[in-house]
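Quick caveat: nothing in here was measured; it's all calculated off a predicted structure. We use all heavy atoms of the structure for the numbers below, so side chains are in, but hydrogens, waters and symmetry mates are not.
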Amino acid sequence: MNSLGRVVEVVEAFNRSVEAQVKRTRRDARFASELRRRWRRIQAQIPEIEIPTGLKFPRLALPPTDEPAEIARYLFGEGLPGEFPFVNGTYREMYLEKAESGKQKTEIEEPTRLFAGLGLAEDTNKRFHYLTHHQRTIRLSTAFDGPTLYGLDSDADGVFGKVGEGGVAIDTIEDMERLYANFPLGNEHFSVSMTINGPAPILLAMYVAVARHRFGPRVIPKLRGTVQADILKEVQAQNEIIFPLDASLRFLRDMVEFTTKYMPRWYPISISGYHMAEAGATPVQQAAYTLSNGFAYVEMFRARGLDVNRFGPRLSFFLDCALDLEYLALARVCRKLWAVGMRDAFGAGERAQLFKLHTQTSGRSLITSEFKNNLTRTAAELLLAYANATNSCHSNSADEPFTTPSEEYVRLAAHAQAILLEESGSFKFMMNALSGSPGMKIVERVVERAMLEEFHQLDELGGVLAATELRYQRSQIQAAAHRYEQQINDGTRPVIGLNRYHSAATESPAVNVVRTSREKKQRQLDRLEKFKRRHRSQSERALDQLAKVVERGGNVFAELIDTVEHCSLGQITARLADLVGRYRPTL
Amino acid sequence: MKAESNRRIESRATHPPSLRFDATSHATRSRPIRLLTAVPICDGHDSAISTINLEFVRRGLEVVYLGYHRSVRDVVRAAIQEDARAIGLSSYNGGHVEFFSEVLRELKRRGAGDIGVFGGGGGTITADDAKLLKRRGVDEIFFAGTPLDAMVNFVKRKYATAKKTFHAATSPSARLADGALAKCLTAAENGDRLSTLNSELSTRTLGVTGPGGAGKTTLIDELALRFLSTHPAGRLAVLSHDPSLVGDGALLGDRATMIYAQDDRVFMRSLATRGHAGGVSRATARCLDVLRHAGFDLVIVETVGVGQEALPFRRDLVDKTVLVMSPDYGSRLQLQKIAMLDAADLVVVNKSDLPGAKTAAAEIRQRLEHNQRGQRLIVTMAKRHRDPGVDNLFREVMS
Ligand code: B12
């Protein structure tokens, strides 16, 4: 049995222990009354808030019960927000407004994140400034274009048409400099997230090198942000792995080792199910494969000699939220299984038990016909995401099916979050106002069981890595995707404006597609050529130096921070591929 | 080991292969429509095409899937070699106008303008883009929300018959162009037999078989890498098989997992077994004759994943045979039942990183020694870059 089997065991043991406590309240009168006293104490400590209509409410909603069995089930089985096993949230107050001022809380950052990337680095830089000009805490989330995602330079054969499409084109450290120009890297109110996987170590190395240029080496430990770098789900769903899996994992471990030691505020890996769900996975597949990948990374980093209590708190998660019933409680179950697994199967302390979650609403649920309905879909998904106490959230724009979102719809998407969190009273006054409905609890139970079943299946196949090599997750996701489309076709899955209430009138909707002009693409090629020319004499040496580190078994990431000074992304990828080979795709 | 083991391997442009077929009625026989599908370079959005592939296959089409992140050259080369009626592209990461247009241009440049092009990309391909692309020669763009049925019906209507038919008189040239060779193979696949067999051919043929999941395709791709680098002018052909039932569709996916074999010096063809049991197709021998005559230095035949009793290479079908096994075949008892262990010239235990690999190798070595036929055992880890085991295998294959 490998670690996933252990996780199933400890979760089952945990559930039994909760049931034992519940039973004890019935047998053991002293225990029961003690519990009741504790419950009253907790209730008494909850502050009240007067809302603008004049009524007063508690800042935290607890189940309205005085029944010891119920209290035990809540306190031990779910935990108060911020308490083990964190079903109700990783922190005590998540989206609550500051009681005194009615302003956004300051100590907890705003959860809104908007994913952006278009054209060349300077264009994206402009978009970033536009998106954040009114924000105090700046959280940039970066999307890269196809060539960058595949580790290719913009001048690679046959990729001209893709330069700057769907994300920003980054070839060199100079592009990276332009991308975050005029932002205070290293400031405690500034963080970046980079959606990059195969070439993640190279791009992060560029980021570190840029920060070092601008602020000196002392900035490195202060850098805050996330790099996705989740290579397992690339094999399973997103298809952006470049080097063979073993080599990719080694580069990842080198990077995690480096950030754990020298960049303690960095999140070096965002363990993602989003891409699986978008590729067609069911909610349970998404959650089960994501958590199991997480446990696989933990096992791997531990084997490397890293301490789970040091890297554990720097792991974060990224899930989809769509309209399926499971999403009523999916994140709640994930928090519990992660916490129990980390504590009881891996001996992790509290900070490493937290399932810190970034949610993105479903892109796949957004369609072209009568596309303004997408505003409603996203709003409904957002509500579910926040009802699940996500730590941060990206809301998709209504023009998502067509193009890199235009400013108009990006603004609407951001405002949807503000309306939910700031205008509506459902989140800002009372923590957990929407949690704990009977339906939510039933969904929790069913989803948990199904996820454990998936863990068991993966365990039988020899664990996550073996199952991944067997294409298990991939083929399950593909089968689910096929089923999903068939269900849309046969009407089992109603899609408003498509297979239901379809209006023949609306054929090609008027959206502004964002495209990168030929001139811009050419500009990128020209400056790349200049960079290569300028560094011609040093680049070969830098690559040879990198090769030595790869072959010696040294820390490749540490070396990359120097390599990127003279070499482009494509040059580095090519040399690494020479040394370790290329990833062989599967069906 | 076969007698011709010290043949020189190099490209031979001197003896043009002469291809003549006996006239037959293949044109009238109905056969599945063959398509090639792919996702463009720098694009990994394969969810739509995977679903569409599954649907096409369910509805009786033969689909050669090239995979995602594929260049125009790779797409066009594959479509020509596979003699696909049409190419289905699924593009999401933008640049589709360029990509589709380049595919059309490259098809024309290579004299394969008869191959249709169609595709989709959800909402990323606008109505205006689609209009432009159709003007340039794309047959159809499917927008978001199109039911799978509509795509199947389109393909069955539009590509029911090949635009250009094969003429047996295709004049033999020094080196048959991919397109002409592909048409010959189609004729062979449909029952035509070469009428003149040249007995002085010096093409080496290698048969690779083994259970599903043992790593045959990976090994072949690694052999291709070694062949290409040691034979700077050499040409390699790969004939690979995937299972299908009579009258059913087939998903031919080996190309999708190949990286080094996507090269102008490699000719690859995927065959569906069309109901034939035993690991190869009824047409395999005929196709091999064609490839032998086309002047390749090496032809590799890959069978479908086979069971224990299978002996796919009957009567000198190929010069040399390789059985690829993974260490997890089970007990010694299971080993006794594997028929190919007595027939193969080379036995490869792949995935040497798996637990039990040492024991497996020892058990198999014993069995081979007992056979006393001079069979060789080679242990490999094909997924590892520059695996010395695969180097050994390559040496044995070429010796
Ligand atoms: C699913 C998805 C993903 C998944 C992909 C999973 C996978 N393995 O396929 C994930 C999350 C991984 C992903 C990642 C990215 N994505 Co994406 N993704 C989508 C999404 C939401 C749906 C696409 C989809 O598969 N739909 C399901 C299919 C079945 O339906 P359909 O698209 O409507 O297609 C129909 C027809 O067109 C037809 N069809 C399609 N192809 C073909 C082919 C043939 C031959 C035929 C006959 C028919 C046909 O069949 C379908 C059924 O009717 C779209 C937005 C959207 N809502 O459409 C963005 C979208 C395509 N993605 C986009 C981007 C930018 C990316 C990223 C580059 C983001 C980044 N910078 O990191 C990455 C790149 C990933 C990669 N490896 O290349 C952009 C593209 C923008 C552009 N071109 O200008 C979009 C439009 C979102 C957006 N607005 O930003 N994505």
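Note on A:A466, A:P401, A:G166: by heavy-atom pairs under 4.5 Å with chain B, the leading option is A:P401. Ranked by heavy-atom pairs shorter than 4.5 Å toward chain A, the options B:D46, B:T146, B:I52 are led by B:D46. Among B:L354, B:I125, B:N93, the residue making the largest number of heavy-atom pairs under 4.5 Å with chain A is B:N93. Contacts with chain A were tallied for B:E102, B:E55, B:H45; B:E55 has the most, counting heavy-atom pairs under 4.5 Å.
Ring-plane geometry between A:F402 and A:F371 is classed as perpendicular, the angle between the planes exceeding 60 degrees on a 0 to 90 degree scale with a lower cut at 30.
In this structure, chain B has a heavy atom under 4.5 Å from the backbone of A:Q238, while its side chain stays farther away. For a residue to count as touching a neighbouring chain, one of its non-hydrogen atoms must lie under 4.5 Å from one of that chain's; by this rule A:A577 touches chain B with the backbone only. No part of B:S101 comes within reach of chain A, as not one of its non-hydrogen atoms sits under 4.5 angstrom from that chain. If you measure heavy-atom distances from B:L225 to chain A, you find no contacts under 4.5 Å at all. The contact between B:R58 and chain A is made entirely by side chain atoms (from C-beta outward), counting heavy-atom distances below 4.5 Å. Looking at A:E469, only its side chain comes within 4.5 Å of chain B, counting heavy atoms on both sides. Looking at A:R515, only its side chain comes within 4.5 Å of chain B, counting heavy atoms on both sides. At a 4.5 Å heavy-atom cutoff, B:S71 makes no contact with chain A through either its backbone or its side chain. Proximity to chain A (any heavy atom under 4.5 Å) is shown, for B:F143, by neither the backbone nor the side chain. Looking at B:R386, the atoms closer than 4.5 Å to chain A (heavy atoms on both sides) all sit in the side chain, from C-beta outward. Contacts of B:D129 with chain A are made by side-chain atoms alone, with heavy-atom separations under 4.5 Å and no backbone atom involved.
Outside the 6.0 Å centre-distance limit, the rings of B:F394 and B:F227 are not counted as a close aromatic pair. For an aromatic pair to be called close, the ring centres must be under 6.0 Å apart, and B:F154 with B:F142 satisfies this.
By a heavy-atom distance cut of under 4.5 Å, A:L579, A:V580, A:G581, A:R582, A:Y583, A:R584, A:P585, A:T586, A:L587 are the residues of residues 579-587 of chain A near chain B, going up by number.
Under a 4.0 Å N-O distance rule, the pair A:E165/A:K521 qualifies as a salt bridge. Here A:K162 does not pair with B:E98 in a salt bridge; the nearest charged N to carboxylate O distance is not below 4.0 Å. Residues B:R73 and A:D157 are not paired through a salt bridge, judged by the lack of any N-O separation under 4.0 Å between the basic side chain and the carboxylate. Taking a cutoff of 4.0 Å between a charged side-chain nitrogen and a carboxylate oxygen, B:R77 and B:E106 do not qualify as a salt bridge.
Of all non-hydrogen atoms in B:A78 and B:R255, the two that sit nearest each other are CB-NH1, 3.4 Å. For A:A281 against A:Q286, the heavy-atom pair with the smallest separation is CB-N, 4.1 Å.
In this structure, the side chains of A:Y472 and A:Y289 come closer than 4.5 Å at one or more pairs of heavy atoms.
Remark: B:K156 NZ is packed, more than 12 non-hydrogen atoms of other residues, nucleotides or ligands lying under 6.0 Å away.
In terms of modelled atom types and a separation under 3.5 Å, the side chain of A:S248 and the main chain of A:F243 share a donor-acceptor contact.
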| task | Walk me through it: do B:H69 and A:Y150 pass the test ring pair (Phe, Tyr, Trp, His ring centres under 6.0 Å)? | result | CA-CA 9 Å; B:H69 186 33; A:Y150 284 94; 4.0 Å; yes
